[in-house]
Amino acid sequence: MLDINMLREQPDLVRQSLVKRQMDAAPVDQVLELDAQRRVFIQEAEQLKAERNSVSKEIGRSKDAAERQAKIEAMRLVGDRISQLDEQLRQVEESLHGVLSVIPNIPDPRTPLGKDEDENVVLRNVGQPRQFDFEPKPHWDLGPALGMIDFEQGVKITGSRFYVLSGPGARLQRALIAWMLDLHIRQGYTEKYTPFMVKAQTLFGAGQLPKFQDNLYHDIEEDLWMVPTAEVPLTGLHMEDVFDEASLPRLYTAYTPCFRREKMSAGRDVRGIKRGHQFDKVEMYIFCKPEESDAMLEKMRTDAEQTCAALGLPYRVKQLCTGDLGFGARMTYDIEVWSPGLQEWLEVSSVSNDGDFQSRRANIKYRPAEGGKTRLLHTLNGSGLGMPRTLIAVLENYQQADGSIIVPKVLRPWMGGVETITP
RNA sequence: GGAGAGGUCGCGUAGUCUGGCCUAGCGCGCACGCCUGGAGAGCGUGUUUCCCGCAAGGGAACGAGGGUUCGAAUCCCUCCCUCUCCGCCA
């Protein structure tokens, strides 16, 4: 959420930022209009409340029955008017909050201008794509042939866009998860295991609600929501908290499954395991002082890159342009690995600096060491790689002509020393 | 799921029966000052957050949300959470 003061004082900056994101700037004027109305109601209501408070005290002290009764009558009317105003105020604030809640973050000035994903900027390529002396197969051929992926069983027990990992497939994914968590711990992160279901307020704090409600699974009976990413519970860990400056930064990593309805991408990527309703992901998350967040973004990008590099996967780093930037982000790097079977780059990690966008929504602050008022801190999030796509990349990049898969060295300790997966 | 006890200004508590003098006392902690060679003790002062306002000042919050009332931490209702015991269960 943006600071309401920013909209009051620099509405043009916010309008421009919406335009840069290829969005309509009209909400800015709605906010200004509602904010003006809000202040009118507040001023009248507070004046009347001040009057009621002081007269009520007089009533408490008054000995004169007639005078007392007169004041009670008068205050009853004042009370009615206050109720009216409070109700009008409540409605205006609800509308204001509603509009403000769906305005995206202001892009960092260093985020390149661009219309859509085609204008994202490739910063560099790392590693050489492997040269095959045979036709590399896509994972949807490799996986079932090796008994690693079973698409039919996923559909049978749940439905489309669900799959079952089996034998070495299940074990390879578990190896990736365990290895990544350990890597992130070495990189300075503290591992967290969180609930996979959260309440609405937690989703609001991370910026998922109200705007992305359609993408979320919701249990109506208990009013709990399945997490679409570990970013949500990790943000929520410190809702309403005030940190001492000395205890920052906080670096967390967590593995969770992620649940997404994918209504927006119905019909896209339906084949294989690239886009499912349930997928596993290891996430990195940082709470830090505002002046540290630039450096933390670079650290997190480096940490994510190390994951790809250590797996021996060729990858490239992109910087998202304004038109493709996520809702809460000020600046984002995507890391993509090459998929020789699908013949495309797969986004396995997205690393973002959200500035104070989430911390304002979730009310997460810190107290400066020199004392004084508490300040909002900055948050960053990044995938320590999404599993299905990483699994795709490993299968397709490490495939041999005979259909077997070489297990990347770093994963072997979690694979019981297995070096090659064969049919 | 049943029974009971609770949720108050960082922490611990008082206040709730008997509504107004309670945004709220006390202790601890913390900050600053005095004192001291220095420290401690002691003494003094201060110590929540948000909102409206140029300011003076004002409003709001005692788990959350409703209600009663001129007036609610205090009375009523709903919900949430914590603890104890019982039941059930991986």
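Note on naming: letters A, B, ... go to the chains in the order of the sequence lines (proteins, then strands), and numbering restarts at 1 for each one.
- Residues A:Leu320 and A:Tyr333 have side chains not in contact (no heavy-atom distance under 4.5 Å, counting atoms from C-beta outward).
- Contacts of A:Arg81 with the nucleic acid, taken as non-hydrogen atoms under 4.0 Å apart, are absent.
- Across all strands shown, B:C22 has no partner, as no Watson-Crick or G-U wobble contact with both distances under 3.5 Å is found.
- If you check every strand for non-hydrogen atoms under 4.0 Å, A:Lys199 touches nothing.
- Place A:Asp35 and A:Val55 on RNA chain B by their nearest nucleotides, and A:Asp35 ends up nearer the 5' end.
- Looking at heavy atoms from C-beta onward, A:Thr307 lies in side-chain contact with A:Met180 at the 4.5 angstrom threshold.
- Taking atom P in both B:C83 and B:C30, one finds a spacing of 29 Å when rounded to whole Å.
- Base contact: A:Arg68 has a heavy atom under 4.0 Å from a base atom.
- Protein chain A touches strand RNA chain B; the 5'-most and 3'-most nucleotides with an atom under 4.0 angstrom of its non-hydrogen atoms are B:G20 to B:G71.
- Taking the P atoms as reference points, B:U82 lies 22 Å from B:C88, given to the whole Å.
- The list of salt bridge (charged side-chain N to carboxylate O under 4.0 Å, His left out) pairs with a residue in residues 218-246 of chain A, not counting sequence neighbours, reads A:Glu245-A:Lys289.
- Going from the C1' atom of B:G29 to that of B:G12 covers 10 Å, rounded to whole Å.
- Residue contacts for A:Ile59: at a heavy-atom cut-off of 4.0 Å it reaches a base atom on one of the strands shown.
- For an aromatic pair to be called close, the ring centres must be under 6.0 Å apart, and A:His277 with A:Phe162 satisfies this.
- With a 6.0 Å radius and a threshold of 12 heavy atoms from other residues, nucleotides or ligands, A:Gln213 has its CD atom at or below the threshold.
- Separation of the C1' atoms belonging to B:U16 and B:G87 is 33 Å when rounded to the nearest angstrom.
- Nucleotide B:A5 is matched to B:U82 when pairs are restricted to Watson-Crick or G-U wobble geometry with both distances under 3.5 angstrom.
- Screening A:Gln187, A:Arg186, A:His184 for a side-chain hydrogen bond (donor to acceptor under 3.5 Å, both in side chains) with A:Gln306, the sole residue that qualifies is A:Gln187.
- Comparing the C1' positions of B:C22 and B:A73 gives an interatomic distance of 8 Å, to the nearest angstrom.
- Here A:Lys49 lies in heavy-atom contact (under 4.0 Å) with sugar-phosphate atoms only.
- Using P as the reference atom, B:G15 and B:A90 are 45 Å apart when rounded to the nearest Å.
- In this structure, A:Arg261 is positioned above the aromatic face of A:Tyr217, its NZ or CZ under 6.0 Å from the six-membered ring centre and within 45° of the axis.
- RNA chain B is contacted by both A:Asn5 and A:Arg76; A:Asn5 maps to the nucleotide lying nearer its 5′ end (nearest heavy atom per residue).
- Using N1 to N3 plus N6-O4 or O6-N4 for Watson-Crick, or N1-O2 and O6-N3 for G-U wobble, each under 3.5 Å, B:A31 pairs with B:U45.
- Going from the C1' atom of B:G58 to that of B:G42 covers 40 Å, rounded to whole Å.
- Remark: A:Glu67 CD is packed, more than 12 non-hydrogen atoms of other residues, nucleotides or ligands lying under 6.0 Å away.
- Comparing the same atom, C1', in B:G40 and in B:A56 gives a spacing of 44 Å after rounding to whole Å.
- With a 3.5 Å ceiling on both atom-pair distances, the Watson-Crick or G-U wobble partner of B:C75 is B:G67.
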